[in-house]
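Proteins get letters first, then strands, A, B, ... in listed order; numbering begins at 1 in each.
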Amino acid sequence: MASTLNLAQNEAVTYGQGPVLVLAGAGAGKTRVLTHRAAHLLQAKKLSPSRLLVLTFTNKAAREMRGRLHTLVGEAASEKIWAGTFHSICARLLRYDIERLEAGYQRRFVIYDPNDQEKLMKEVLAQLDLDATQHRPRGLLRQISALKNQGLQPADYRRRDLGFQELTLARVYAAYQEQLARHNALDFDDLLLLPLQLFQRFPDLLQRYQRHFEHILVDEYQDTNPVQFALLRQLAAPQQNLFVVGDVDQSIYSFRNADFQIILRFQQDFPQAAVIKLETNYRSTRPILVAANTLIDHNRERFDKVLLAARGEGEAIRLHSARNEYQEADYVLAELQRLVRSGKYGYGDICVLYRTNAQSRLFEERLVQQRVPHQVVGAFRFYDRKEIKDLMAYLGVIYNPLDSLNLKRILNTPKRGLGAKSIQQLEQAAERDGLSLWDALQTPAILAAMPKRAQQPLQDFLGLMQRLRDFKGSLAELIQALYTDSGYREELAKDEESFEDRDTYVRSFIQAAEDFMAPDPETLLGDFLQHLALISDVDRLQESGQLVRLMTVHAAKGLEFPVVFVTGLEEGVFPHVRAILAEENDDDGPIEEERRLMYVAMTRAEDLLYLTHAQYRMQRGESTYQETSRFLEEIEDHLGQKLSQTSVFDRPLSTQVPTPPAASTVAELDDLNAGESVYHPDFGSGTVEKVYISGSRPIAIVTFPGGFGKRILDLRSAPLQRL
DNA sequence: CACATCTGTCTTTTT
DNA sequence: GACAGATGTG
């Protein structure tokens with residue numbers, strides 16, 4: 001077995017052939033090594049660019065690598081290499097050969113995102129006469145995803161000895177898969193699985209790709225899932241010229257079936273493998289690194305590795321205990337404003353991290369109030385906007401008429417008077433005649449049988465789609481045409497208040513189509529739709545501009561910032577409750593993953609690291625007392641101040657401020673009426689707008705002047721006092 | 001048929 | 001506080 005080598009970056013770059021595993025800690029220059037390895041192969045080894053396959057974790061990473069290779073090996077070569085995520089590369093392969101599979105997929109397939117999947121699953125459940133409240137669509141989809149990732153097809157699974165529950169799952173799985181094929185749609189799992197099936201069924205195809213890709217480079221190898229591994233292993237089989245880089249301690253995607261055992265097993269899977277360790281961190285100052293090392297050392301399952309700081313001493317980590325989430329946001333805002341005013345840092349040097357997207361709201365509100373330029377990565381995505389999705393649905397149907405899900409979405413968008421009844425009748429007719437919804441629409445006899453008042457709208461819709469499908473012009477012109485000709489723009493214009501915003505979004509969507517480059521005009525629409533489906537949140541991180549960035553820790557993987565705030569360090573938030581619950585059931589996996597996540601968060605920081613937590617936080621409409629995160633305790637010795645000092649006044653509100661016990665609060669406020677004045681410790685005094693019961697909960701809507709606006713408060717728990 | 005309002009449910013991370 | 005689904009109203 002090959003030995004483990006401690007090499008400098010440049011030696012790793014030029015290291016021999018055959019399988020190579022580079023284990024590199026955070027900030028050790030993984031991306032640099034990968035990029036230079038690519039350049040080395042292209043230049044010194046005279047590898048033809050199209051023979052190089054680079055698999056990155058995000059499309060952004062691929063784009064950036066191309067950019068850097070640009071300067072290293074020239075534009076022509078960098079454009080010719082195959083670089084992208086597993087998903088986008090697989091989609092590309094499938095576009096060529098998917099029709100070879102018997103399931104009935106066609107070249108022009110579309111990709112269904114989780115929203116689409118859920119809609120489809122609801123239809124499947126209805127079709128099987130299963131109650132969607134009893135069989136949760138999301139739960140079923142998760143289980144199906146797990147089966148797919150074990151390589152189990154519906155038929156394979158059925159053959160097993162199944163219990164009653166599992167039998168239902170087997171039926172649902174089979175029906176779901178059949179529906180996908182009928183829609184000519186793939187989900188994210190299929191995107192990886194179908195190429196594997198193709199390779200198994202058609203060895204000639206596999207051989208072609210094996211011969212084609214002489215070298216394969218993989219980034220973030222610790223987050224590879226078993227299906228991706230199977231693909232890699234097959235593609236790399238003949239020469240095993242596989243060069244992977246990763247860090248076990250940064251494996252944070254197990255919920256997506258990533259398995260860090262794959263990186264741990266590399267030497268067993270490839271006995272010829274050389275293992276190179278890069279243990280010098282060039283990113284962070286010593287206090288940050290020492291704390292991060294201390295934290296991750298609490299994990300049991302890991303390779304022993306300590307990061308050495310190439311940079312010297314720096315400022316101590318700063319801890320802040322806020323009373324509640326509002327004051328946490330205030331602190332972060334005040335602090336980052338102070339840093340910017342000091343002149344040492346710009347807004348673009350600062351990043352605010354949190355565990356869940358829901359936490360972003362307060363920070364964003366404050367940033368807007370204070371007019372601080374910022375960008376929220378993820379959260380509410382541009383492509384999730386209704387108007388954009390509606391237009392995308394049109395494009396989807398134009399491209400792939402079998403996409404009945406999107407067809408149903410646009411049949412009555414904008415409103416044409418085709419309600420649920422008409423659509424249902426159409427579906428039944430299609431079902432009866434074994435036609436797709438689209439083909440049913442093309443059948444005169446079916447149309448004639450529709451109710452009178454649906455006739456004209458249906459004719460109009462058909463005419464519109466016909467014109468759009470025959471449209472000659474650029475992609476941007478097509479979208480512009482469908483925007484106006486469908487009457488969609490007119491419908492948006494009816495709401496004067498929102499029209500300007502929405503129209504602007506649509507125009508930037510059209511601009512995006514205008515800017516979109518595809519190698520072949522023939523496949524432009526397909527490429528564009530694929531791009532939209534596979535684009536990730538960080539992919540849209542704006543490169544330029546001095547903007548404060550807000551994102552989840554997951555989204556921050558691979559990024560670095562001079563100043564980082566890690567917020568919400570509370571038991572239940574970070575680490576997340578789910579992990580804590582698993583731990584109580586003797587499963588330490590999830591909590592260790594949370595710890596790795598914390599490790600990732602901390603190691604994003606170059607100079608300054610802030611850790612914050614709140615003692616109270618609103619969760620599901622209730623203000624709850626939050627225990628300090630265990631992660632803070634684990635690194636207590638390395639914090640600029642002692643945790644205990646701040647923990648001392650971590651007292652429940654009731655013992656600190658003389659607030660009446662909950663029961664009497666409700667009793668007292670029970671007869672609260674609109675128009676009364678109340679006092680809230682966080683928002684000050686306000687006026688009651690409305691009092692009502694929501695379900696079993698007494699709710700008051702209170703307006704607070706002074707920037708806090710309208711708040712919905714649960715009277716059982718809100719610390720309100722009458723004035 | 002379209003829109004408004006109410007009610008019950010709910011733990012996260014994403015290609 | 002968000003969201004989906006149900007129910008009520010014009």
Side-chain angles (χ1 to χ4, degrees), chain A residues 55-62 84-91 111-115 118-119 122 132-133 136-138 142 145 186-192 220 223-225 227-228 251-258 325 353-359 361-362 377-381 412 414-423 451 453-454 457 491 495 530 533-539 551-557 568 572-582 590 593-594 596-597 600-601 617-624 692-697 699 701 710-714 718:
Chain A
L55 293 157
T56 54
F57 197 72
T58 61
N59 288 303
K60 172 171 174 274
T85 60
F86 272 99
H87 286 87
S88 57
I89 298 289
C90 284
I111 299 165
Y112 274 3
D113 70 12
N115 282 324
E118 203 176 324
K119 273 191 214 157
K122 282 176 187 161
T133 51
R136 296 249 176 70
R138 276 193 215 164
R142 225 192 5 258
S145 174
L186 310 187
D187 64 19
F188 283 117
D189 291 321
D190 290 340
L191 226 37
L192 301 176
E220 308 281 11
D223 281 318
T224 304
N225 73 36
V227 179
Q228 292 168 334
S251 167
I252 54 174
Y253 278 92
S254 69
F255 67 92
R256 224 168 66 185
N257 301 303
E325 70 268 38
L353 297 178
Y354 33 78
R355 177 63 178 80
T356 65
N357 281 307
Q359 290 165 255
R361 227 194 72 247
L362 281 183
V377 177
F380 196 71
R381 300 155 51 177
N412 199 29
K415 293 180 181 60
R416 303 183 172 85
L418 291 171
K421 268 266 159 57
S422 308
I423 293 179
R453 66 172 170 181
E491 178 157 292
D495 188 343
Q530 181 191 308
L534 297 181
I535 192 170
S536 73
D537 294 329
V538 252
D539 288 339
M551 65 190 91
T552 62
V553 183
H554 282 92
K557 169 160 142 163
V573 177
F574 199 180
H576 196 270
V577 245
R578 296 284 287 230
I580 297 173
L581 289 174
E593 180 147 320
E594 295 283 315
R596 293 193 292 273
L597 198 54
V600 169
R617 185 178 293 274
M618 274 291 234
Q619 296 204 298
R620 271 199 286 162
E622 264 186 279
S623 176
T624 48
Y692 60 96
I693 306 286
S694 165
S696 55
R697 289 154 38 192
I699 301 290
I701 296 179
K710 226 179 245 185
R711 299 275 163 189
I712 298 167
L713 301 169
D714 186 332

Item to check | dC1(B) OP1/OP2 closer than 4.0 Å to side-chain N/O of Ser422(A) | outcome: yes
Item to check | Inter-nucleotide P distance (dA4(C), dT13(B)), Å rounded | outcome: 15 Å
Next on the checklist: Distance check needed: dT15(B) P versus Gln530(A) CD, whole Å only.
Outcome noted: 15 Å
Next on the checklist: Let's see if you can work this out: which of dT12(B), dT14(B), dT15(B) has an atom nearest to the side-chain heavy atoms of Ala555(A)?
Outcome noted: dT14(B)
Checklist entry - Ignoring hydrogens and geometry, is there a side-chain-to-backbone donor-acceptor pair from Asp223(A) to Ile252(A) under 3.5 Å? => result yes
Checklist outcome for this item: note: Tyr253(A), atom OH; dT12(B), atom C1'; distance rounded to Å ~ 12 Å
Checklist entry - Atom NE2 of His576(A) to atom P of dC10(B): distance rounded to whole Å? => result 15 Å
Might you list the N or O atoms of the protein lying below 3.5 Å from N or O atoms in nucleotides 2-5 of chain B, with each pair's distance?
residue: dC3(B); atom: OP2; partner: Lys415(A); partner atom: NZ; Å: 3.2

Checklist entry - When you measure from the side chain of Glu593(A) to the backbone N and O of Ser254(A), does any donor-acceptor pair fall under 3.5 Å? => result yes
Next on the checklist: Which nucleotide wins on minimum distance to the side chain of Arg453(A), given the candidates dT12(B), dC1(B), dT15(B)?
Outcome noted: dC1(B)
Item to check | side-chain N/O Thr552(A) vs dT14(B) OP1/OP2, d < 4.0 Å | outcome: yes
Taking only N/O atoms, report every protein-nucleotides 8-10 of chain C pair under 3.5 Å with atom names and distance.
none

Item to check | Contact check, side chains of Asn257(A) and Val227(A), non-hydrogen atoms, under 4.5 Å | outcome: no
Checklist entry - Hey, does the side-chain of Arg355(A) have a donor or acceptor N/O within less than 3.5 Å of a partner on the base of dT12(B)? => result yes
Checklist entry - Using the rule for Phe, Tyr, His and the six-membered ring of Trp, do His554(A) and dT13(B) stack at under 5.5 Å and under 30°? => result no
Item to check | Short side-chain to backbone donor-acceptor contact, Glu594(A) and His576(A), under 3.5 Å | outcome: yes
Item to check | Stepwise side chain to side chain contact (heavy atoms under 4.5 Å, CB included) check, Phe86(A) with Asn225(A) | outcome: CA-CA 10 Å; Phe86(A) 272 99; Asn225(A) 73 36; over 6 Å; no
Checklist entry - Excluding sequence neighbours, so at least two apart, what forms side chain to side chain donor-acceptor pair (under 3.5 Å) with Tyr253(A)? => result none
Checklist entry - Does the pair Asp190(A) and Tyr112(A) meet the rule for a side chain to side chain contact (heavy atoms under 4.5 Å, CB included), with working shown? => result CA-CA 10 Å; Asp190(A) 290 340; Tyr112(A) 274 3; over 6 Å; no
Checklist entry - Stacking check: are the rings of Phe255(A) and dT12(B) less than 5.5 Å apart at their centres and under 30 degrees in tilt? => result no
Next on the checklist: Need to verify one output field. Residue with the more 5' nearest nucleotide on DNA chain B, Val577(A) or Ser88(A)?
Outcome noted: Val577(A)
Item to check | Whole angstrom value for the distance that separates P of dT14(B) from CG of Leu534(A) | outcome: 16 Å
Item to check | Contacts of type ring pair (Phe, Tyr, Trp, His ring centres under 6.0 Å), residue Phe188(A), not counting sequence neighbours | outcome: His87(A)
Checklist entry - Listed by chain and number, what are the side-chain contact (heavy atoms from CB on, under 4.5 Å) partners of Lys421(A), not counting sequence neighbours? => result none
Checklist outcome for this item: Rounded to whole Å, CG of Asp189(A) lies from C1' of dT15(B) at a distance of 10 Å
Checklist entry - Lys122(A) side chain N/O closer than 4.0 Å to the phosphate oxygens (OP1, OP2) of dG5(C)? => result yes
Checklist entry - Should Asn357(A) be listed as having a side-chain N or O under 4.0 Å from OP1 or OP2 of dT13(B)? => result yes
Checklist entry - Which residues satisfy the side chain to side chain donor-acceptor pair (under 3.5 Å) test with Thr85(A), sequence neighbours excluded? => result Ser88(A)
Next on the checklist: Between dG5(C) and dT12(B), how many Å separate the two C1' atoms, rounded to a whole number?
Outcome noted: 24 Å
Next on the checklist: Could you tell me how far apart Asn115(A) (CG) and dA2(C) (C1') are, to the nearest whole angstrom?
Outcome noted: 14 Å
Item to check | Chi angles and distances behind the side chain to side chain contact (heavy atoms under 4.5 Å, CB included) call for Gln359(A), Arg617(A) | outcome: CA-CA 10 Å; Gln359(A) 290 165 255; Arg617(A) 185 178 293 274; 4.2 Å; yes
Item to check | Separation of dT14(B) P from Lys60(A) NZ (nearest whole Å) | outcome: 15 Å
Checklist entry - To the nearest angstrom, how far is Glu491(A) atom CD from dC1(B) atom C1'? => result 13 Å
Checklist entry - Is Phe86(A) touching bases, backbone alone, or none of the nucleic acid, heavy atoms closer than 4.0 Å? => result nothing
Next on the checklist: For the C1' atoms, the ones on dT11(B) and on dA6(C), what distance do you get once it is rounded to whole angstrom?
Outcome noted: 24 Å
